[in-house]
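Okay, structure first, notes after.
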There are 2 protein chains.
Amino acid sequence: MSQTPLPYRAHNHRACVDQALADAHRICNDAHARLTPTRERVLELIWQSHKPLGAYDLLGALAQEGQNAAPPTVYRALDFLQQHGLVHRIASLNAFVGCAHAGHRHTGFFLICRACRNVLELSAPQVAAAVDKAAQEEGFAAEDTTLEIAGLCPACQRESDHD
Amino acid sequence: MSQTPLPYRAHNHRACVDQALADAHRICNDAHARLTPTRERVLELIWQSHKPLGAYDLLGALAQEGQNAAPPTVYRALDFLQQHGLVHRIASLNAFVGCAHAGHRHTGFFLICRACRNVLELSAPQVAAAVDKAAQEEGFAAEDTTLEIAGLCPACQRESDHD
DNA sequence: GAATGCGATGTTATAATATTGCGTTCATTG
DNA sequence: CAATGAACGCAATATTATAACATCGCATTC
Ligand SMILES: [Zn+2]
Ligand SMILES: [Zn+2]
Ligand SMILES: [Zn+2]
Ligand SMILES: [Zn+2]
């Protein structure tokens, strides 16, 4: 059933990027929001890989391309992208990653490999349900869930077995 | 069964503090670790309330008490306290809170009220199990879970109903 | 076409959080 | 008491994020 998670295997990553950009154009269009060149470029940079990028990584990349970029440039683009559900912030890393389920309601849930740093975003309803239930039992009205799991991805587990 | 969560109701908070300090002494003693005056004072400051404190809040408090405190002073104490399971870092707030289950194996899980900022730490096995299961299904070896839920606590929900 | 409104951007400065490096002090122990 | 290693003091610096204010470009309206 469940597809082998992409970030940890060879895959045609160009397809990931193209999909993400196409989704972004559609979503922004539907929301009458402007996916300006800077915003699109930041999104594309984030999707260079499945590894989260820090704001200053993005800033450096923009600067190299000759853009007049200061921190607010990047943070504003990131705010926009987050608001439209196109990227997620990984609180435990202070870094940003493209959303793998843009356009779908979901409670993101991240598996972060401490070795290769790839991040897999899951949308596990049974986890979200368990969380909601536990919160409700305490009378707590949950609004926003941060769920980040650090560990070793399948590929890096095999690597460390070689020792 | 489940006790009404403490932070959101009036409670004898002195008992929370005393318990936390007693636990800390016992745990450090058992581990042959030194709960030095600075470390103990930082722990006590963190337990002043159930609201997370930032490192620089702690730093300010120490400075007011006449301690020669620089950032490393606080961060070192916090590292020590985290390593011995006496405090948790709340990644989504860059702040620290006392551990409510010191000495017991647990995967902390935090309900953070965005209004009063109190934090309740739960240890919900069914949530931890759901998380582990989801990770295992992806072949991921989970090591460390960050689970932080922002929302409104029972008391602050009643407050906002008054409108 | 000028005036206006408004979202997006540019620019500078600063705030807030966290770490590195190095020398000194102090507790423990043999 | 000397040796050891953990803990601490101190200065500098790194990293992440925001505040404040000026400007630009474009659409609407007069
Ligand atoms: Zn990909
Ligand atoms: Zn990996
Ligand atoms: Zn209490
Ligand atoms: Zn509250």
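To find a chain, count down the sequence lines: A is the first, B the second, and so on, and within it residues start at 1.
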Of the listed nucleotides C:dT19, C:dT9, D:dC8, the one nearest the side chain of B:Thr38:
D:dC8

Looking at C:dA16, I'd like to know if its phosphate oxygens (OP1 or OP2) sit under 4.0 Å from a side-chain N or O belonging to B:Asn94.
no

Is a donor-acceptor pair below 3.5 Å formed from side chain A:Arg76 to base C:dG7, judging by atom type as modelled?
no

Atom CD of A:Glu40 and atom C1' of C:dA8: how far apart are they, to the nearest Å?
16 Å

Does a distance-only test, which skips hydrogens and angles, find a donor-acceptor pair under 3.5 Å between the side chain of A:Tyr56 and the base of D:dA17?
yes

Taking for each residue the nucleotide of DNA chain C with the nearest heavy atom, is it B:Arg34 or A:Phe80 whose nucleotide lies nearer the 5' end?
A:Phe80

Side chain of A:Pro72 only, heavy atoms from C-beta on: which candidate in C:dA18, D:dA17, D:dT18 is closest?
D:dT18

How close do B:Pro154 and A:Gly139 get, counting heavy atoms only, and between which atoms?
CG-O, 3.4 Å

Is the phosphate of D:dC10 approached by B:Asn68 (side-chain N or O, under 4.0 Å from OP1 or OP2)?
yes

A:Tyr75 ring over D:dT18 six-membered base ring, under 5.5 Å and 30°
no

OP1, OP2 of C:dT9 versus side-chain N and O of A:Arg39: anything below 4.0 Å?
yes

Is the shortest side-chain N/O distance from B:Thr36 to OP1 or OP2 of D:dC8 below 4.0 Å?
yes

Nearest-Å distance for atom pair CG/P, residues B:Leu93 and C:dA16:
16 Å

